[in-house]
Trainee: 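This structure is in structure tokens; I'll ask about it shortly.
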Amino acid sequence: MSESEQQEKYQESELYRIRHSAAHVMAQAVLELMPEGKYTIGPAIENGFYYDFDLPRNLTPEDLTQIEKRMRQIIAGNHPFVRKVVSAEEARQIFKDQPYKLELIDGLEQGQFDEDGNPLESKPEISIYSDDTFTDLCRGPHVETTRQINPSAIKLMSVAGAYWRGDEKNKMLQRIYGTAWKTPKELEQYLWQLEEAKKRDHRKLGKELEIFFFDDEVGPGLPLWLPRGAVMIEELEALAKEVEHDGGYDRVRTPHVTKEDLFIRSGHLPYYAESMYPPMELEGVKYYVKPMNCPMHHKIFGSLPRSYRDMPVRLAEYGTCYRYEKSGELFGLMRVRSMQMNDAHIYCSEEQFEEEFMAVIGLYLRYFEIFGVDKYVMRFSTHHKNGLGKKYIDNERLWLKTEDMVRRAMDNGHVPYVEVPDEAAFYGPKIDVQIWSAIGREFTLATNQVDFAVPARFDLKFINAKGEEEVPLCIHRAPLSTHERFIGFLIEHFAGNFPVWLSPEQVRLIPITDGQNETVKAMAKRLSALNIRASVDVSSSRMNAKIRQAQLFKIPYMLVIGEREMNEGTVSLRKRDGSRQDDLALDNFIEMVQDKIKSRSREI
RNA sequence: GCCGACGUAGCUCAAUACGGCAGAGCAACUCACUUGUAAUGAGUAGGUUAAGGGUUCAAGUCCCUUCGUCGGCUCCA
């Protein structure tokens with residue numbers, strides 16, 4: 001099912017009507033509290049609803065409690081929702097004191113926008129819905145009466161700022177988020193899910209598991225990786241190198257700063273100057289810290305004469321980039337200012353495009369298999385002709401041609417995707433892979449873009465079989481995203497219980513008394529020599545405390561060694577999941593662990 | 001960047017809707033205990049309450065500024 005089909009199905013559902021109706025009830029309650037307030041739009045969304053208001057003062061948490069209470073009273077009144085079709089003139093009369101509604105009516109009348117501000121295909125009829133004392137400009141649908149909203153299954157969640165019509169040039173409104181379900185049990189379930197998600201939050205676990213942290217003095221969005229995090233980074237890089245070696249990639253390395261000219265040539269500067277660190281000037285020349293690697297890879301491609309026999313050329317680099325994300329946009333490891341990208345650029349001819357493109361999709365699938373990602377959507381972002389020459393390179397013919405190539409490749413390869421208009425990169429269409437972690441939180445990680453424009457700006461060419469010069473296409477791809485975002489995802493996806501190969505510490509050896517300390521140290525040394533990440537706990541704590549400690553660090557294997565094991569050369573294996581295997585020969589354990597690591601198994 | 005909330009020991013949190021001696025658990029350190037699968041006991045140390053300014057006899061608490069984090073909006077090559 002496509003995203004829009006799912007959307008349609010949701011809009012026809014009872015839950016959607018309940019949530020949309022709850023938004024109206026909430027608006028009534030808010031306006032009773034502040035009658036001079038102006039109301040704008042209030043749609044149902046995933047898991048709930050919101051309503052945006054322009055109010056004379058800021059809402060407080062106490063207000064929310066009051067509003068929620070009043071909502072329950074209104075619901076109990078069992079007021080019917082009454083629909084009425086009106087003319088634009090009548091609507092203007094009804095909402096004469098509501099400037100935002102008047103603006104929406106204009107949009108509806110001209111057939112431009114619906115009452116939620118979304119673009120319209122055709123001119124709709126204008127309808128209003130009333131219940132109790134409240135009337136709203138609204139297409140519906142709603143429940144029949146307020147009673148069909150379960151007063152014990154609604155909850156107001158938070159107040160947030162939101163720009164009118166989502167445009168940062170417009171006024172900032174106050175948005176109240178609420179959630180509504182059919183039964184209190186469903187509400188409870190939803191709240192429980194939120195709690196569970198909090199426990200897996202990568203910011204919390206990242207600190208607890210000593211993976212990374214941020215320091216005020218270093219700067220916002222600039223993570224410091226602790227030894228445990230560095231191990232994970234190196235494992236991911238090893239994986240990428242292996243996979244990219246198989247895929248015929250060559251590794252390259254490029255500097256972190258370059259002259260301004262490079263970004264003028266690439267065309268990035270006018271589009272992205274605001275989110276780049278400002279330039280530094282040396283001997284009259286401006287240098288920028290690089291926000292992406294592509295221009296330098298283009299230079300490497302262009303540094304040698306290329307024949308069709310060399311194509312495709314695949315240049316890979318875990319490049320370190322810096323982007324000046326606006327302060328409010330930073331979010332743990334998911335949105336940072338310094339990052340290392342699993343980057344590569346594939347230069348190919350048009351004939352080679354489909355095969356190369358599908359090979360990249362194949363990489364995604366291979367990674368999904370390794371990490372146990374079973375739900376994903378390929379979002380195919382295309383241009384919109386209104387943006388040509390502004391957001392996008394002004395060459396409609398090439399846009400349509402390239403988008404068609406991508407569409408054909410995905411159709412032929414039976415890759416399910418949804419098309420998202422007007423979200424392409426400036427130089428070409430892109431595919432973002434949206435995935436869901438084990439708890440259903442959504443992430444956009446892997447991405448690739450098809451660039452039909454920038455190679456020409458760099459005069460890139462190869463000599464084709466006919467002996468003519470030809471400009472290559474370039475596929476930008478980053479299946480593992482950035483280390484920052486990907487590890488953030490992995491922490492939440494696995495709740496810190498990483499597969500053995502990725503675990504910062506794979507084995508913890510625990511002596512029962514001091515008498516086993518030397519034996520345990522010798523065992524750890526042996527494991528280390530075999531590249532198994534092992535450590536010993538010879539602290540003065542009791543064994544139980546040591547186990548608890550290892551358990552909290554989510555170390556996959558604990559080896560408990562007492563006098564009996566010491567004498568027999570065995571170990572007592574306790575796994576992270578609590579299972580236990582006694583009298584295991586150390587050699588057998590080693591063999592088992594090596595197998596798990598080598599196969600990158602997700603089982604322990 | 002914008003709207004709002006928040007910032008107390010390494011971590012988690014206290015400090016009476018209203019200003020009155022800055023506290024606890026865990027972690028750390030010391031000592032004792034030598035233990036069989038998720039916390040042994042006792043003791044010690046740890047703070048310019050994010051930073052700066054103001055009001056007050058008195059500020060963690062009230063006011064202002066800055067920084068940072070969080071919930072959203074906007075943005076994400």
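We name chains A, B, ... by the order of the sequence lines, and we start the count at 1 in each one. These figures come from a predicted structure and were not determined experimentally.
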Trainee: Remember a base hit wins even if backbone is also touched, and classify A:Asp432 as base, sugar-phosphate or nothing at under 4.0 Å, heavy atoms.
Mentor: nothing
Trainee: Tell me what A:Glu563 touches on the nucleic acid: a base, only sugar-phosphate, or nothing, going by heavy atoms under 4.0 Å.
Mentor: base
Trainee: For A:Pro291, report the nucleic acid contact type (base, sugar-phosphate, nothing); a contact means any heavy atom under 4.0 Å.
Mentor: base
Trainee: Once you apply the 3.5 Å cut-off to both distances, tell me the Watson-Crick or G-U wobble partner of B:C29, or none.
Mentor: B:G43
Trainee: Which part of the nucleic acid, if any, lies within reach of A:Glu565 when heavy atoms closer than 4.0 Å are counted: base, sugar-phosphate only, or nothing?
Mentor: base
Trainee: For A:Ile547 and A:Thr513, find the nucleotide of RNA chain B closest to each by heavy atoms; which residue's nucleotide sits nearer the 5' end?
Mentor: A:Thr513
Trainee: Would you indicate what A:Ala160 reaches in the nucleic acid, counting non-hydrogen atoms under 4.0 angstrom: base, sugar-phosphate, or nothing?
Mentor: base
Trainee: So, is A:Tyr177 close to the B:C73 phosphate, meaning a side-chain N or O under 4.0 Å from OP1 or OP2?
Mentor: yes
Trainee: Establish, for the pair A:Arg323 and A:Tyr277, whether the NZ or CZ atom is under 6.0 angstrom from the six-membered ring centre and no further than 45 degrees off its axis.
Mentor: no
Trainee: Would you please say whether a donor-acceptor pair under 3.5 Å links the side chains of A:Asp432 and A:Thr444?
Mentor: no
Trainee: Please report the distance separating the P of B:U69 from the corresponding atom of B:A14, rounded so that it comes out in whole Å.
Mentor: 22 Å
Trainee: Please give the nucleotide sitting opposite B:U55 as a Watson-Crick or G-U wobble pair, both distances under 3.5 Å, or none.
Mentor: none
Trainee: Using purine N1 to pyrimidine N3 plus N6-O4 or O6-N4 for Watson-Crick, or N1-O2 and O6-N3 for G-U wobble, each under 3.5 Å, what pairs with B:C2?
Mentor: B:G72
Trainee: Measure from the side-chain heavy atoms of A:Lys207 and tell me the nearest of B:A77, B:C3, B:U12.
Mentor: B:U12
Trainee: Looking at A:Phe212, does the NZ or CZ of A:Arg203 lie under 6.0 angstrom from its six-membered ring centre and within 45 degrees of the ring axis?
Mentor: no
Trainee: Using a 4.0 Å heavy-atom cut-off, does A:Thr60 contact any base of the nucleic acid, only the sugar-phosphate backbone, or nothing at all?
Mentor: nothing
Trainee: When you compare the ring of A:Tyr271 with the six-membered ring of B:A77's base, are the centres less than 5.5 Å apart and the planes under 30° from each other?
Mentor: no
Trainee: Does B:A39 have OP1 or OP2 sitting under 4.0 Å from an N or O in the side chain of A:Arg542?
Mentor: no
Trainee: Strictly below 4.0 Å: does A:Lys546 bring a side-chain N or O up to OP1 or OP2 of B:A38?
Mentor: no
Trainee: Salt bridge or not for A:Arg335 and A:Glu325, using N-O below 4.0 Å?
Mentor: yes
Trainee: Just checking A:Phe214: base, sugar-phosphate only, or nothing, at a heavy-atom cut-off of under 4.0 Å?
Mentor: nothing
Trainee: Check whether any side-chain nitrogen or oxygen of A:Arg203 sits under 4.0 Å from OP1 or OP2 of B:G71, and answer yes or no.
Mentor: yes
Trainee: Tell me what A:Met292 touches on the nucleic acid: a base, only sugar-phosphate, or nothing, going by heavy atoms under 4.0 Å.
Mentor: base
Trainee: Please give the distance between the C1' atoms of B:G25 and B:C3 as a whole number of Å.
Mentor: 37 Å
Trainee: Pick base, sugar-phosphate or nothing for A:Gly428, based on heavy-atom distances below 4.0 Å to the nucleic acid.
Mentor: nothing
Trainee: When the P atoms of B:G43 and B:U35 are compared, how many Å lie between them, rounded to an integer?
Mentor: 25 Å
Trainee: In this structure, is the centre-to-centre distance between the rings of A:Phe452 and A:Trp399 below 6.0 Å?
Mentor: yes
Trainee: Would you kindly compare A:Ile561 and A:Leu173 by the position of their nearest RNA chain B nucleotide and give the one closer to the 5′ end?
Mentor: A:Leu173
Trainee: Verify whether the ring centers belonging to A:Tyr392 and A:Tyr427 lie closer than 6.0 Å.
Mentor: no
Trainee: Classify the side chain of A:Ser541 and the base of B:A39 as holding, or not holding, a donor-acceptor pair under 3.5 Å.
Mentor: no
Trainee: So A:Asp514, base contact, sugar-phosphate only, or nothing? Heavy-atom distance under 4.0 Å.
Mentor: base
Trainee: Just checking A:Gly166: base, sugar-phosphate only, or nothing, at a heavy-atom cut-off of under 4.0 Å?
Mentor: sugar-phosphate
Trainee: A:Arg485 side chain N/O closer than 4.0 Å to the phosphate oxygens (OP1, OP2) of B:C76?
Mentor: no
Trainee: Less than 4.0 Å between a side-chain N and a carboxylate O, is that true for A:Glu168 and A:Lys326?
Mentor: yes
Trainee: Could you please name the partner base of B:A50, counting Watson-Crick and G-U wobble pairs only when both distances are under 3.5 Å?
Mentor: B:U66
